[in-house]
There are 2 protein chains.
Amino acid sequence: MRTAPARRVRPDTAEQILDVAERLVQMRGFNDFSYADVSAELGITKASLHHHFRTKAELGRRLIERYHRRFAEALAVIDRGGAGAPAKLREYVALYADVLRRDRLCLCGMLAADFDTLPRPMKLRIRGFFDENERWLAGVLEEGVRSGSIRLRGSARDAARMVVGALEGAMLLARSYGDAARFDAAADQLLAELVG
Amino acid sequence: MRTAPARRVRPDTAEQILDVAERLVQMRGFNDFSYADVSAELGITKASLHHHFRTKAELGRRLIERYHRRFAEALAVIDRGGAGAPAKLREYVALYADVLRRDRLCLCGMLAADFDTLPRPMKLRIRGFFDENERWLAGVLEEGVRSGSIRLRGSARDAARMVVGALEGAMLLARSYGDAARFDAAADQLLAELVG
DNA sequence: GTCTATAGGTGGATAGAC
DNA sequence: GTCTATCCACCTATAGAC
């Protein structure tokens, strides 16, 4: 079943850089982490970082692309599970909760706060990430409406947008109190409104 | 009816500094505006800014305090209006929408994204702002439950927390698309779930 | 209360050797 | 692919004259 070649035990340098940068952005924001931070953590010089990612804007763009790809894969896994709409929604919420439990915000939620200061290629990809969230959620909600497990007041698209915003905001608030349970409580309330 | 002394036409320098800094923080975040930005806009030197606000941390603290005070006054105005709970909720949402329409985020929503990088006095006051929002909203929701105009699934406190998060997140998302109508749609959905 | 001048640090980025 | 060395812009903050 596994057709890909065996993975290296140690990820290559570019991946390691993305790993560290991703965590720093999710915790501090795009403009509050530096090549120097990544350099110190990985034990290689800033000049070497520039060999892998020519500019910070390019590093930022690649960060979003990888995050989006992995998120889409997680959604595909949920889809393959074949659960009903309510269970799928709970799995979706769990993706957010897992991020928060590692003391991070959603990468794109954080970048949405930095939005005004970001280069255009990053802005477009942040929207692309949210668009995919909205599309997937709207599909699940419509499926739930058809099967009678979900009750919506407006369009599935508007409900999906509301849910994404509510979860991003709940993460933001929960982290300000260092209290992941705040996120869980908010998400539970939200789902209770949607699920019959 | 007006008992306060007539206001100066030109606000004093400290207020002007707060005005400019507040807008910059709401648009760009606390770490992406500088004394140089404010200096250029007001036509006074950075050294003069330091005369009014010794450190950036102090300026940040004062920003939150003023924002909190003004917000509390706006809530008091809503209370004095004597409307029912659903109308009060709509007025509350309008406070957020007005901020967004000036291309800004909530000051404390933005600072919540910067949270990890902020000095402790600012962190405590950001929580204080959200606490007040939560307290006021919970009161309105309870009033609505008593009068039968609001239907809650959990506690008023949890519902209030969910609403604050959802509105902050909706602002964040709406601004990323430069589309204030996204906020309105999300807020309408949210209120529709609470109001009967 | 405002200015000039400057300190001391960090930012992203580049040249060129190995 | 990694390094040393360096550039220049910008940051927050201070000293001291007016």
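Within every chain, numbering begins at 1; the chains are lettered A, B, ... in the order of the sequence lines, protein sequences first and strands thereafter.
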### Message
How would you summarise protein contacts on nucleotides 8-13 of chain D per nucleotide, using B for base, S for sugar-phosphate only and - for none, with heavy-atom distances below 4.0 Å?
### Response
---SBB
[X]/[Y] ion pair, N-O < 4.0 Å:
X	Y	value
B:E143	B:R146	no
B:D19	B:R66	yes
A:E134	B:R182	yes
B:R69	B:E65	no
A:R161	B:D179	no

### Main-chain N/O of A:A57 paired to A:R61 side chain as donor or acceptor, under 3.5 Å
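Judged by distance alone, no pair lies under 3.5 Å.
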### Task
Evaluate the ring planes of B:Y92 and B:F71, with Trp represented by its six-membered ring, and classify them as parallel (under 30°), tilted (30 to 60°) or perpendicular (over 60°).
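Aromatic pair B:Y92/B:F71 classed perpendicular.
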### Task
With a 4.0 angstrom cut-off to heavy atoms of chain A, pull out the first and last contacting nucleotide of DNA chain C, in 5'-to-3' order.
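With heavy atoms of chain A under 4.0 Å away, the range is C:dG11 to C:dA15.
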